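Since the structure is predicted, the reported quantities are computational estimates derived from the model, not experimental observations.
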Amino acid sequence: VGTLDDLPGMRTCVSCNFMIACIVLACEIGLMWAVSGYLASKQVVQDGDSRRYATPAGDAHWLSTTATVMADTSGWALAVFGLAYWGLTFGLYWNFISYMLTIGPIATIPAIAWSYTHSPNTSMRTTLLTRRVKLAGWLLAVLMLAAFGNLSVFPEQIYRHLNKSHTTIVPDDPLVLALRDTFYTENPKEHFDGLPFNQRMGIVDEFIKDKVTWKSDLSQYGVLGLLTSPTDVLTRGAGDCQGQSSVTASLLFALGGVQAFCVETPFHWWTHAKDMSTGETYNLNAHGHAGLQGSVLPQPPDMVYTWYPPSCTIGQDGCTEVEAYNRNTMHWMANPVRGFMGAMTGMHEFRRDILPHFAGANQWQLIAIGVVVGVVIGLYASYFQADLGNACKSADGFGRLLKRVGVSLPAGVYGMYMTFIWGYVYFPVVLVHMVGIITFAITFACNDGYNISIGTPQPIAPPTTLLSLARHCCCSTTRDGRPSYQWGAVPTAEGAVLAQPTTRTVGDALSLA
């Protein structure tokens, strides 16, 4: 590459962009806090300042209880899968995709933290916390399956991510050599070699664009951000920007006389080429899928790597793959802080490809999306508070659902419409704005303090683990000899059991066997 400063976007002050975005977001959250707080003040119900525990009377049949436990176990299995799959993908990619995956925890953790602020009863706090962690796991599972649904590719992806250079840049691959022959057929070698470097690279760039149709990994493989090889791309005749970059770098090495580097930036990969004799440089694949007239540069790189020929022939004289590729091909990688800030402020894709769709008469769609976001957050908050089922059973429960949707709608509509505005005014703000507003809306609607004020009851659920189920079925007394209480019954301070549904406050003596 020469010096890293030669790369477009390397001098971009990502910390400056990120700081500006955070200042803008802080002002926006202040505005949303005022609006949502005002709306919440109009929703307060009588006696809403104390958390109530609404419990059904009577004991549940063991079959019903077993079904509940099995359903909860299945729910936890999905949650654990979501959390584990998120962690695997985050660690595997460890690049732009990983930084984007942090949006999930950013959006869910603040709301979960409220489990420790408004529940003085330790056992109830634990119940709330586990329920909410499980819900976050569900959300991650849904998002991960939507973005990375094809699990069959991951074994190979693990290997490729650990060996990027000689699995994605392969100038000796038969398909790459065939592509080189096709290139020389269309551009005779004698004539091509005599052209200036910039003109030669321009021809290669246009050749790749013609031979490799831009097509997303999600549509081809069912996975976002797949690390594809030239074999994958040339077999299908299509690939995304990373696939185009891998084929381009492989072809340049096959043509000879050029050192090529694959460069990853937020939402785009491109190829940096250097003439080995003159030191001239040229950037290919800068257009993405916008045509040769378009460009997504400059963007701050977060990873740059290249390829060196193997130092020995694998399989001969004891040569192993480790010995053959034992040189450091990772030319540069951004530190996590710079990489995160670059990812969160590099939303050029939104400005170039998404905003035009909402221009003019289509702006109403932004408002419609904002309404949908508000409704979804209201539903999420209702389940978060164990109150979603009540919305289907009683007018009060449905009213609380509408209240949560009501405080979420302004943030949803404002967040979506201002995303459109910021995209035109200053696009580095876009992603920080969007994530921050949605996180605020989720946190506010899920906030225990707010839900206490609107009279949200908290059910004391029956045992939801196999251990607690066994204890309930086998044990009739507690450790101190008192009779064990029925599920759904509320013990009074004197130890008597109230057989009818009741509402108790935090100050009452509540305990379960």
Side-chain angles (χ1 to χ4, degrees), residues 3-37 90 93-113 225 263-270 286 288 295-304 332-355 366 370 373 410-444:
T3 64
L4 289 174
D5 288 342
D6 293 337
L7 292 176
M10 187 58 75
R11 297 185 182 184
T12 299
C13 183
V14 295
S15 59
C16 300
N17 288 337
F18 189 73
M19 186 178 300
I20 292 172
C22 288
I23 293 173
V24 169
L25 178 62
C27 296
E28 292 182 314
I29 287 180
L31 173 63
M32 287 295 97
W33 189 281
V35 173
S36 299
F90 180 87
Y93 278 80
W94 195 246
N95 59 1
F96 168 71
I97 294 291
S98 297
Y99 301 131
M100 296 301 295
L101 288 176
T102 60
I103 292 175
I106 289 173
T108 56
I109 287 178
I112 294 175
V263 183
E264 185 196 43
T265 64
F267 297 99
H268 187 58
W269 288 69
W270 47 279
S295 177
V296 294
L297 303 181
Q299 284 294 313
D302 56 62
M303 182 169 60
V304 182
W332 183 80
M333 179 176 285
N335 65 68
V337 174
R338 178 183 172 86
F340 174 78
M341 292 190 297
M344 297 300 287
T345 57
M347 197 64 168
H348 61 85
E349 184 89 357
F350 184 88
R351 178 172 182 170
R352 191 189 71 185
D353 297 330
I354 301 177
L355 277 186
L366 291 166
V373 169
V413 173
Y414 174 85
M416 291 301 105
Y417 198 82
M418 285 304 297
T419 296
F420 177 80
I421 301 299
W422 283 121
Y424 281 114
V425 175
Y426 190 62
F427 79 83
V429 172
V430 166
L431 194 56
V432 173
H433 154 82
M434 194 184 324
V435 173
I437 292 298
I438 291 178
T439 300
F440 165 78
I442 292 174
T443 304
F444 192 96

Item to complete: Would you check, one step at a time, whether the test side-chain contact (heavy atoms from CB on, under 4.5 Å) holds for Trp269 with Met303?
Response: CA-CA 10 Å; Trp269 288 69; Met303 182 169 60; 3.6 Å; yes
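We find the CZ-CD1 distance between Phe18 and Ile23 to be 11.0 Å, quoted to the nearest 0.5 Å. Separating the OH atom in Tyr93 from the CE atom in Met100 is a distance of 13.5 Å, to the nearest 0.5 Å. From Met341, atom CE reaches atom SG of Cys22 across 9.5 Å, with rounding to the nearest 0.5 Å. Considering CG of Leu355 and OH of Tyr424, their distance stands at 5.0 Å, rounded to 0.5 Å.
The list of side chain to side chain donor-acceptor pair (under 3.5 Å) pairs with a residue in residues 21-33, not counting sequence neighbours, reads Glu28-Tyr414, Glu28-Trp422, Glu28-His433.
Taking every heavy atom of both residues into account, Met344 and Leu431 meet most closely at O-CB, 3.4 Å. Of all heavy-atom pairs spanning Gly346 and Pro266, the tightest one is O-CB, 3.7 Å. The two residues Ala411 and Met32 come nearest to each other via the heavy atoms CA-SD, 3.6 Å. Shown here for Tyr99 and Asn335, the closest heavy-atom pair between the two residues is OH-O, 4.1 Å. Pairing each heavy atom of Gly412 with each of Val373, the nearest pair is CA-CG1, 4.2 Å. Considering every non-hydrogen atom in both Ile106 and Pro110, the closest pair reads O-CD, 3.1 Å.
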Do any side-chain atoms of residues 434-444 form donor-acceptor pairs under 3.5 angstrom with protein atoms, and if so which ones, sequence neighbours left out?
from   : atom 1 : to     : atom 2 : distance (Å)
Thr439 : OG1    : Val435 : O      : 2.7
Thr443 : OG1    : Thr439 : O      : 2.8

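Contact check for Phe340 versus Pro336: no side-chain heavy atoms found under the 4.5 Å cut-off.
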